[in-house]
Protein chains: 2
Amino acid sequence: MVNSKTKGKFKDFLLTQGLKSTNQRELILEEFLRAGAHLSTEDLYLRLRKKNPRIGYATVHRTLKLFAQCGIAEQRHFGDGQARYEASDHDEHHDHLICISCGKIVEFEDSRIEELQIEVAGEHGFSIERHRLDLYVYCSHCSIQT
Amino acid sequence: MVNSKTKGKFKDFLLTQGLKSTNQRELILEEFLRAGAHLSTEDLYLRLRKKNPRIGYATVHRTLKLFAQCGIAEQRHFGDGQARYEASDHDEHHDHLICISCGKIVEFEDSRIEELQIEVAGEHGFSIERHRLDLYVYCSHCSIQT
DNA sequence: GCCTAATTGAAAACGAATTTCAACTTAGAC
DNA sequence: GTCTAAGTTGAAATTCGTTTTCAATTAGGC
C-alpha cells in the first residue's frame with residue numbers, strides 16, 4: 001500500500017484536531033501522494049476531477065492547507081505566481097533546481113551549503129527558522145537549444 | 001546628484017527601445033532610487049502620491065517593469081504575496097535574511113555559498129542563470145520575546 | 001436512529017497584477 | 001514653431017489565483 005504511514009499521520013492529525021475523516025480527504029491525500037511532484041492546487045484538482053468529478057476546487061484547496069498544517073506537505077512558490085505543494089520529508093531537507101525554459105524541477109541537497117547558511121545567520125545574531133534556496137538554471141536538455 | 005549614472009542607463013534604455021522619456025518616468029525613477037529598500041508597487045505609489053497626486057498606480061507598475069527590463073531593478077517575492085522591487089547592483093549579488101516576526105529584511109553575501117551553488121548545478125549538468133537564497137529567521141530583537 | 005458540529009461545493013469575494021481605452025504628451029519631420 | 005504619428009497616461013475594468021460564504025450534506029458520538 002502506498003504510504004500508509006503518511007495516511008496514518010493524517011488520520012491522527014484529524015482526530016487530535018477534532019476534525020472529521022471524510023471520503024474527499026482520503027481521495028485527495030491518495031492522489032496527492034501518488035502524484036508525487038510539485039503540484040499546484042489546480043494541478044491536483046484537475047487530476048482528481050478525472051477520476052471523481054464530485055470534488056470541488058475549494059475542498060482541494062482546504063485539504064492541501066490541512067496537509068501543510070499537519071506537516072505532511074509544504075507550500076512553495078517558484079516565481080510563476082502559483083503556489084505548489086510537495087510532500088514533506090522532515091528527515092531530509094532539500095532545495096530546488098528549476099529550469100527557466102521547460103519548468104522542470106529537480107531536488108538536491110548539500111550539507112555544506114546548509115552549514116554556511118547557519119554560519120551566516122549566526123554572524124548577524126539571527127537564528128534560522130527555515131530557508132529557501134532556488135537555483136534557476138537551463139537544464140541539460142534546454143541549454144542545447146540556446 | 002543622486003545616482004545620475006543609473007538615470008543615464010535608463011535614458012539609454014528608453015532610447016534604444018524607441019520609448020519616450022516622460023516626466024512621470026523620471027519622477028518614479030528618482031523616488032525609487034531615493035527610497036532604496038525593498039518596495040512593493042503599492043509602497044512606491046503611495047510615496048509618489050504624497051509629492052505628486054497626478055501619478056497613477058498603473059504607471060508605477062509599468063515603470064517598475066521597465067526598470068526590471070532595463071536591468072536597474074529586480075523583482076522579488078518574499079512570501080507575503082506581494083512583489084517587491086529592489087535596485088539591482090550587478091557587481092555584487094546579495095541574498096536576504098527575513099525576520100519572520102517583524103518583517104525586517106537584511107542583505108548579505110557569501111561567496112563560498114555562491115561557489116557551492118555553481119558546483120551543485122554543474123553536477124547535474126545545469127548552468128545557473130540566477131538564484132535566490134532567502135533565510136527566514138528570528139532577528140536578534142524578535143528572538144528575545146520568543 | 002438522532003443530534004450536533006464539521007464538511008462540502010458552487011458561487012461570490014478578495015487582493016494583487018495587468019489590460020483597456022480615450023485623452024494627452026513626446027519627439028521627430030517639416 | 002507647427003504638425004503628426006507613435007508612445008504614454010490614469011481611471012476603470014479585467015484577469016488570475018486564492019480564500020470565504022452559505023445553504024445543503026455528512027460524519028460520528030450518543
Side-chain angles (χ1 to χ4, degrees), chain A residues 7 10-29 31-32 38-70 73-85 103, chain B residues 10-32 38-70 73-85 103:
Chain A
K7 289 183 188 172
F10 186 51
K11 282 221 163 141
D12 288 350
F13 170 79
L14 292 177
L15 261 174
T16 62
Q17 299 291 309
L19 303 177
K20 288 172 180 171
S21 181
T22 69
N23 201 245
Q24 284 92 329
R25 285 178 177 163
E26 278 174 36
L27 286 171
I28 294 170
L29 179 53
E31 190 60 32
F32 175 67
H38 305 80
L39 293 170
S40 65
T41 308
E42 179 84 17
D43 291 339
L44 189 54
Y45 170 66
L46 291 175
R47 289 182 68 123
L48 284 157
R49 260 289 119 122
K50 284 183 192 163
K51 300 179 182 173
N52 188 338
R54 310 204 118 287
I55 290 185
Y57 185 95
T59 304
V60 177
H61 170 259
R62 285 184 286 229
T63 306
L64 280 170
K65 286 217 302 194
L66 283 181
F67 292 170
Q69 278 176 49
C70 166
E74 276 174 50
Q75 197 191 48
R76 304 196 147 272
H77 291 266
F78 292 115
D80 64 350
Q82 256 194 317
R84 287 169 191 284
Y85 289 84
Chain B
F10 187 51
K11 282 221 163 140
D12 288 350
F13 171 78
L14 292 177
L15 261 174
T16 61
Q17 300 290 310
L19 303 176
K20 288 172 182 172
S21 181
T22 70
N23 200 247
Q24 283 92 329
R25 285 177 177 165
E26 278 174 36
L27 286 171
I28 293 170
L29 178 53
E30 258 187 56
E31 190 60 33
F32 175 68
H38 306 80
L39 294 170
S40 66
T41 308
E42 179 85 15
D43 291 338
L44 189 53
Y45 170 66
L46 291 176
R47 289 182 67 123
L48 284 158
R49 262 284 125 122
K50 285 183 192 165
K51 300 179 183 174
N52 187 338
R54 311 205 119 285
I55 291 185
Y57 185 95
T59 304
V60 176
H61 171 259
R62 285 183 287 227
T63 306
L64 279 170
K65 286 217 303 193
L66 284 181
F67 292 170
Q69 278 175 49
C70 167
E74 278 174 50
Q75 198 191 48
R76 303 194 148 273
H77 291 265
F78 293 115
D80 63 351
Q82 255 194 318
R84 287 169 191 285
Y85 289 84

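The basis for the numbers below is simple: all heavy atoms, side chains too, and nothing from hydrogens, waters or symmetry mates. Numbers restart at 1 for each chain; the letters A, B, ... are given by sequence-line order, proteins then strands.
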Exercise for the section: With sequence neighbours excluded, tell me which residues meet side-chain hydrogen bond (donor to acceptor under 3.5 Å, both in side chains) with A:Gln69. Expected result: none
Completion exercise
If each end axis of the helix from C:dG1-D:dC30 to C:dC30-D:dG1 is fitted on five C1' pair positions, the angle between them, to 10 degrees, is 20°
Exercise for the section: Let me know, please, whether B:Gly18 or B:Tyr57 comes out on the 5' side of the other along DNA chain D by nearest nucleotide. Expected result: B:Gly18
Completion exercise
When rounded to the nearest 0.5 Å, the distance separating OG of A:Ser40 from CG of A:Leu46 is 8.0 Å
Exercise for the section: Check A:Phe10 against A:Leu66 and note the closest heavy-atom contact, atom names and distance. Expected result: CE1-CB, 4.2 Å
Exercise for the section: Scan residues 46-58 of chain A for pairs that pass side chain to side chain donor-acceptor pair (under 3.5 Å), counting only residues two or more places apart or in two chains. Expected result: A:Glu31-A:Arg47, A:Glu31-A:Lys51, A:Tyr45-A:Arg49
Exercise for the section: Describe the nucleic acid contact of A:Gln24 in one word from base, sugar-phosphate, nothing, applying a heavy-atom distance below 4.0 Å. Expected result: sugar-phosphate
Handout entry: With A:Arg62 via side chain to side chain contact (heavy atoms under 4.5 Å, CB included) - residues at least two apart
Key = A:Ala58, A:Thr59
Handout entry: Nucleotides bounding contact with chain A, strand DNA chain D, heavy-atom threshold 4.0 Å
Key = D:dG17 to D:dG28
Problem - Where at least one partner belongs to residues 10-22 of chain A, residue pairs that pass salt bridge (charged side-chain N to carboxylate O under 4.0 Å, His left out), sequence neighbours excluded - result: A:Lys11-A:Glu26
Problem - Terminal contacting nucleotides, 5' and 3', DNA chain C versus chain A (heavy atom, 4.0 Å) - result: C:dA5 to C:dA10
Exercise for the section: Could you pull out all residues at least two apart from B:Phe32 that satisfy ring-ring contact (aromatic ring centres under 6.0 Å, His included)? Expected result: B:Phe67
Exercise for the section: With sequence neighbours left out, write down each residue that passes side-chain hydrogen bond (donor to acceptor under 3.5 Å, both in side chains) with A:His38, or none if nothing qualifies. Expected result: A:Glu86, A:His96, A:Glu107
Practice task
Considering non-hydrogen atoms only, spot the tightest contact between B:Leu14 and B:Arg25 and give its length.
Solution key: CD2-NH1, 4.0 Å
Problem - Shortest non-hydrogen separation from A:His77 to A:Gln82 and the atoms involved - result: ND1-O, 4.1 Å
Practice task
Could you check whether B:Ser40 gets within reach of a base, just the sugar-phosphate, or nothing at all, counting any heavy atom under 4.0 Å?
Solution key: nothing
Problem - Toward the 5' end of DNA chain C, by each residue's nearest nucleotide, B:Ala83 or B:Leu15 - result: B:Ala83
Problem - Partner residues of B:Arg84 under the salt bridge (Lys or Arg N to Asp or Glu O under 4.0 Å) criterion, sequence neighbours left out - result: B:Asp43, B:Asp80
Handout entry: Residues which pass side-chain hydrogen bond (donor to acceptor under 3.5 Å, both in side chains) with B:Gln17, listed by chain and number, not counting sequence neighbours
Key = none
Problem - Earlier contact from the 5' end, DNA chain C, for B:Gln75 and A:Leu19 - result: A:Leu19
Fill in the blank from the handout: On a heavy-atom basis, the closest approach of B:Ile28 and B:Val60 is CD1-CA, 3.9 Å
Handout entry: Interface with DNA chain C, restricted to residues 58-65 of chain B and to heavy atoms under 4.0 Å
Key = B:Ala58, B:His61, B:Arg62
